[in-house]
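These notes are about the structure you will find just below.
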Amino acid sequence: MSMTSSLTTPLGGPSLPQERRMVTSIPGPRSQELLARKAAAVAAGVGHTAPIEAVAAGGGVIVDADGNSLIDLGSGIAVTSLGNAHPKVVEAIAQQAAQFTHTCFMISPYESYVGVAEALNRVTPGDHAKKSALFNSGAEAVENAVKIARKFTGKPAVVAFDHGYHGRTNLTMALTAKAMPYKSGFGPFAGEIYRAPLSYPFRDGLSGADAAKKAISLIEKQVGADNLAAVIIEPIQGEGGFIVPADGFLPALVDWCRANNVVFIADEIQTGFARTGAMFASELFGIVPDLITTAKGIAGGMPLAAVTGRAEIMDASHAGGLGGTYGGNPVACAAALAAIDAFENDGLIERAGEIETILKDRLGALQQSDPRIGDIRGHGAMIAAEFVDPETGEPDAALTGAVAKACIAEGVIVLTCGTYGNVIRFLPPLSIPDHLLHEGLDVIAAALAAR
Ligand SMILES: *Cc1c(COP(=O)(O)O)cnc(C)c1O
């Protein structure tokens, strides 16, 4: 393509050509222009992973302003699970936006908010009576889950886990484990937050039962059940490195919480909505949380979040104690109703299982010939490879970062994660065609082989 031809911006959605197409190096000239404006106008603390100007996305690709088409293995951090600009979501948004964009649910209620609450009460784990409340972001949902648990139990303390990630607001920074980049310099943090050890089979070698015993013993000694309102945990950790706890760990924690009047909160903000090959990851471990927080995949890319849980816990707060100006915005709710309908009826749970098979087969074959891949783990379309020094088993963050950077330069967007920064995480949209998934893995294999 000649640089003088004018680029027309394509519409996004599944009809975008499903191909990796590199017409400039990354970043191309138009993307460079935007990134220069970003550097001048946007706060330095707001970083970016791929140095491009996105102009359209859909299926399994993101198209940039220079006409490059990149394979998307990140879904905007597990948000566009349905695929970007999903037609059902786009139509629901357009229709609702033309009717009204806001009344404030706390002033003049509307049907779509109630419909989302009903849908969440139905699709979340457990057949007990449930209620929901809607918010704008994952962190806000976590904040409210903690408020609700404290009000219900009348107790102050909250336990979170090693490697946990729960957001960037003051309370959720306190719950989050990793200092850099999430917490450093931003304290002091909210009080009455305690941290317990996680089950991390690749690194602790403990059975689920033994890891739970260790965590519970620490909680009993250092916090005390009489002071503890809630335990909050991601069933599979996201930012912390896609850590899958050993079998039995989560059920033992739930049992202990039940026996001690402690609210068990599953943070399913990253794992929710078909991502792990189940509607919610809690189902994979046979647990039923008291409260569950959701966001990310819930509304096809619109900002929406929720707390759903046992009706008697959710109803503990006085009227006016929960809410927010925008919480459960009608456009976001319309998008969520369309998205949840697709999750339930369009075979996406099965699709996540197929993606798991492709990713684990390909990465497993790679691991056979490359001992720097220490561990491959995860469920559904939430799979990670942990990179180590084969001699010592020490985390290799430098290799991980170099591979991810090389992939982006070749037109494959991959994200890293992990407390030690040594994990590449695969979070493709469930709409990605198989051939793009394979091509993305080819690029990763080549990037790894070159190092
Ligand atoms: C992303 C995330 C959050 C925070 O959600 P935001 O919408 O970014 O505030 C909380 N918990 C988990 C598990 C997450 O992955």
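Remember, predicted model here, so these are calculated numbers, not experimental data. Atoms within a ligand are numbered from 1 in the order they appear, just like the ligands themselves.
At under 3.5 Å, a nitrogen or oxygen of K296, whether backbone or side chain, sits near a nitrogen or oxygen of ligand 1. Remark: ligand 1 and I269 share no N or O pair separated by less than 3.5 Å (distance only, no angle test). In terms of N/O distances under 3.5 Å, ligand 1 is approached by Q270. Every N/O-N/O distance between G167 and ligand 1 stays at or above 3.5 Å.
For the residue pair E239/Y182, the side-chain donor-acceptor check at 3.5 Å is satisfied. No side-chain donor from either of T176 and H166 sits under 3.5 Å from a side-chain acceptor of the other.
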Test E386 against R203 for salt bridge (charged side-chain N to carboxylate O under 4.0 Å, His left out), laying out the working first.
CA-CA 11 Å; E386 175 161 353; R203 294 204 169 269; 2.7 Å; yes

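Contacts of A295 with ligand 1, taken as heavy-atom pairs under 4.0 Å, are absent altogether.
The shortest contact between atom 4 (C) of ligand 1 and any protein heavy atom is with A139 N, 3.7 Å. Ranking the protein heavy atoms by distance from atom 6 (P) of ligand 1 puts G138 N, 3.4 Å first.
Each of the atoms 13 (C) of ligand 1 lies under 4.0 Å from some heavy atom of E234. Counting the atoms of ligand 1 from 1 in the order shown, those under 4.0 Å from a heavy atom of S137 are 7 (O), 9 (O). Of all the atoms in ligand 1, the ones that sit under 4.0 Å from a non-hydrogen atom of Y165 are 1 (C), 2 (C), 3 (C), 11 (N), 12 (C), 13 (C), 14 (C).
The one candidate from I232, V159, D267 that meets the side-chain contact (heavy atoms from CB on, under 4.5 Å) condition with L175 is I232. Partner of I383 under the side-chain contact (heavy atoms from CB on, under 4.5 Å) criterion, chosen from I358, L427, L359, I424: L359.
Separation of the F273 and F280 ring centroids falls under the 6.0 Å cut-off. Ring centers of F135 and Y326: at least 6.0 Å apart, outside the cut-off.
Qualifying side chain to side chain contact (heavy atoms under 4.5 Å, CB included) partners for T169, counting only residues two or more places apart in sequence or in other chains: A139, E143, T172.
There is no protein heavy atom less than 4.0 angstrom from atom 8 (O) of ligand 1.
By heavy-atom distance, the residue among D267, T172, V142 lying nearest atom 12 (C) of ligand 1 is D267.
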